**Q** 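First the structure, then my questions, so here it is.
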Amino acid sequence: MPELPEVETTRRGIAPHITGHRISGVIVREPRLRWPIPPDLGQKLRGRRIQSVGRRGKYLLLEADQGAVIIHLGMSGSLRLVDPVEPPLRHDHLDILFENDRCLRLRDPRRFGAVLWMESDPRGHGLLARLGPEPLESDFDGDYLYGRSRGRRTAIKPFLMDNRIVVGVGNIYACESLYLAGIHPLRPAGRISRNRYRRLASSIQQTLCQAIAAGGTTLRDFLSSEGRPGYFRQQLQVYGRAGEPCPRCSTPIRQVRQGQRSTFFCSRCQT
DNA sequence: AATCGCGCCTGACGGC
DNA sequence: TGCCGTCAGGCGCGAT
């Protein structure tokens with residue numbers, strides 16, 4: 001499921017192939033994503049040149065001259081570069097065709113993703129405007145988390161997954177970072193010391209960097225733009241490992257429900 | 001303001 | 001074999 005490392009892997013995979021190239025057409029096979037794909041997307045895009053491929057949190061930004069395509073991969077989305085003659089498969093909802101005879105193809109079985117068009121700076125879009133800092137940028141650190149968490153009674157794990165606090169940390173990387181930092185996922189966010197937040201911020205950065213280096217995590221769906229899976233799954237310490245021994249102390253990994261999601265942790269190492 | 005729970009959607013999987 | 005219930009979950013949104 002695409003979190004920040006998977007989106008970044010995708011960004012790096014597609015950028016060299018489409019940057020500087022002109023869009024020749026758009027094929028929408030299924031517009032019903034989280035929000036409908038804009039019916040006039042083809043008119044808006046035809047003839048425009050992609051100037052850069054950016055990322056804000058889990059949003060990919062295909063920045064053209066005057067405007068940008070905003071893409072979210074949701075739970076099951078992936079983007080691939082294909083030959084336009086390659087026949088589309090089930091769930092291949094959108095093709096963006098380029099004059100260099102490449103085709104950027106969006107596949108999204110669960111259709112939780114989104115494709116939007118923004119006429120001006122995409123970072124001003126309502127969905128992006130109130131996002132928290134990038135975890136790998138310098139304005140994110142333990143002191144920032146400490147400040148934002150004062151007075152908050154919510155548990156640290158949903159706090160970390162709140163994209164107004166920090167972007168890009170989904171269920172997998174929240175579990176892994178908390179394990180690495182030795183913090184119990186159910187602990188109230190407002191009852192964690194500054195020093196522990198410093199360790200947590202480092203753990204988040206370390207986890208995300210290692211996952212990016214491995215090309216992301218593939219559980220079921222995720223494939224890179226070249227069609228390869230991510231290899232970080234083998235490095236997961238707790239996620240998806242309920243009942244297995246903790247890598248550090250051998251206590252069986254526990255699984256609990258937090259909100260609507262599964263949380264994995266070691267009840268001995270995380271306090 | 002903070003917090004909680006819902007619903008969107010398909011595929012995999014287990015039980016009968 | 002086939003059917004049905006459950007789970008996976010990012011995230012905006014409405015209710016409290």
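As the structure is a prediction and not an experimental result, all values here were calculated from the model. Protein chains get the first letters and strands the later ones, always in sequence-line order, with residue 1 at the start of each.
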**Q** Between A/Arg34 and C/dC11, does any side-chain N or O lie under 4.0 Å from OP1 or OP2?
**A**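 No.
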
**Q** Will you find, in the side chains of A/Asn163 and A/Lys58, an N or O donor that is under 3.5 Å from an N or O acceptor?
**A**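 Short answer, no.
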
**Q** Answer yes when A/Asp143 and A/Arg194 have at least one side-chain N-carboxylate O distance shorter than 4.0 Å, and no when they do not.
**A**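 Salt bridge flag = yes for A/Arg194 with A/Asp143.
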
**Q** Within the structure shown, what part of the strands sits under 4.0 Å from A/Arg261 by heavy-atom distance: base, sugar-phosphate, or nothing?
**A**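 Answer is base: heavy atoms of A/Arg261 come under 4.0 Å of a base.
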
**Q** Is A/Arg257 touching bases, backbone alone, or none of the nucleic acid, heavy atoms closer than 4.0 Å?
**A**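 Contact class for A/Arg257: sugar-phosphate only.
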
**Q** Could you check how far OH of A/Tyr239 sits from C1' of C/dC7, rounded to whole Å?
**A**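 Whole-Å distance recorded here is 10 Å.
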
**Q** Among C/dA8, B/dT10, C/dG10, which nucleotide sits nearest the side chain of A/Arg111?
**A**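 Out of C/dA8, B/dT10, C/dG10, the nucleotide with an atom closest to A/Arg111's side chain is B/dT10.
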
**Q** Under 4.0 Å between a side-chain N/O of A/Arg90 and OP1 or OP2 of B/dG11, yes or no?
**A**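 True: A/Arg90 side-chain N/O within range (under 4.0 Å) of B/dG11 OP1/OP2.
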
**Q** Considering only C/dG12, C/dG10, B/dT10, which nucleotide approaches the side chain of A/Trp35 most closely?
**A**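 Among C/dG12, C/dG10, B/dT10, the one nearest the side chain of A/Trp35 is C/dG12.
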
**Q** Given atom CZ of A/Arg32 and atom C1' of B/dT10, what is their separation to the nearest angstrom?
**A**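 Roughly 13 Å, once rounded to whole Å.
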
**Q** Without decimals, in angstroms, what is the distance between A/His93 NE2 and B/dC8 P?
**A**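 Atom NE2 in A/His93 sits about 17 Å away from atom P in B/dC8.
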
**Q** Can you find a side chain N or O atom of A/Tyr173 that sits less than 4.0 Å from OP1 or OP2 on C/dG10?
**A**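 Checking A/Tyr173 against C/dG10: no side-chain N or O falls below 4.0 Å of OP1 or OP2.
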
**Q** Would you check, one step at a time, whether the test side chain to side chain donor-acceptor pair (under 3.5 Å) holds for A/Ser262 with A/Gln255?
**A** CA-CA 7 Å; A/Ser262 287; A/Gln255 177 175 5; 2.9 Å; yes

**Q** Please determine if a side-chain N or O atom of A/Ser76 lies less than 4.0 Å away from the OP1 or OP2 oxygen of C/dG9.
**A**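 So the side-chain polar atoms of A/Ser76 never come under 4.0 Å of the phosphate oxygens OP1 or OP2 of C/dG9.
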
**Q** Do A/Tyr59 and A/His72 have ring centroids that are under 6.0 Å from one another?
**A**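 Yes, close enough.
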
**Q** Report yes or no: is the cationic atom of A/Arg241 (NZ for Lys, CZ for Arg) closer than 6.0 Å to the six-membered ring centre of A/Tyr239, at no more than 45° off its axis?
**A**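 No cation-pi geometry.
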
**Q** Mapping A/Phe112 and A/Leu127 onto DNA chain C by nearest heavy atom, which one lands closer to the 5' end?
**A**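 The 5'-side residue here is A/Phe112.
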
**Q** Using a 4.0 Å heavy-atom cut-off, does A/Asn163 contact any base of the nucleic acid, only the sugar-phosphate backbone, or nothing at all?
**A**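 A/Asn163: backbone/sugar contact only, no base atoms under 4.0 Å.
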
**Q** Could you measure the distance from the CG atom of A/Leu60 to the CD1 atom of A/Ile14? Nearest 0.5 Å is fine.
**A**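 A/Leu60 CG to A/Ile14 CD1: 5.5 Å, rounded to 0.5 Å.
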
**Q** When rounded to the nearest 0.5 angstrom, what distance separates CD1 in A/Ile183 from SG in A/Cys269?
**A**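 So the gap between those two atoms works out to 13.0 Å.
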
**Q** Please state whether the phosphate of C/dG12, meaning OP1 or OP2, lies under 4.0 angstrom from any side-chain nitrogen or oxygen of A/His72.
**A**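 Result: no.
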
**Q** Any Lys/Arg nitrogen of A/Glu8 or A/Arg55 sitting under 4.0 Å from an Asp/Glu carboxylate oxygen of the other?
**A**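 Yes, this pair counts.
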
**Q** In dot-bracket form, 5' to 3', how is DNA chain B paired? Count Watson-Crick and G-U wobble pairs only if both distances fall under 3.5 Å, and write | where the partner sits on another strand.
**A** .|||||||||||||||

**Q** Using the 3.5 Å cut-off, write out each protein N or O paired with an N or O of nucleotides 3-5 of chain B and the distance between them.
**A**
from, atom 1, to, atom 2, distance (Å)
B/dT3, OP1, A/Arg153, N, 2.8
B/dT3, OP1, A/Thr154, N, 3.1
B/dT3, OP2, A/Arg152, NE, 2.5
B/dT3, OP2, A/Arg152, NH2, 2.8

**Q** For A/Tyr59, report the nucleic acid contact type (base, sugar-phosphate, nothing); a contact means any heavy atom under 4.0 Å.
**A**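 If one applies the 4.0 Å heavy-atom cut-off, A/Tyr59 turns out to touch the sugar-phosphate alone, with no base involved.
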
**Q** Hey, any chance A/Leu160 and A/Tyr144 share a hydrophobic cluster, counting ILVMFWY side chains that come within less than 4.5 Å of each other, even indirectly?
**A**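 Linked within one cluster.
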
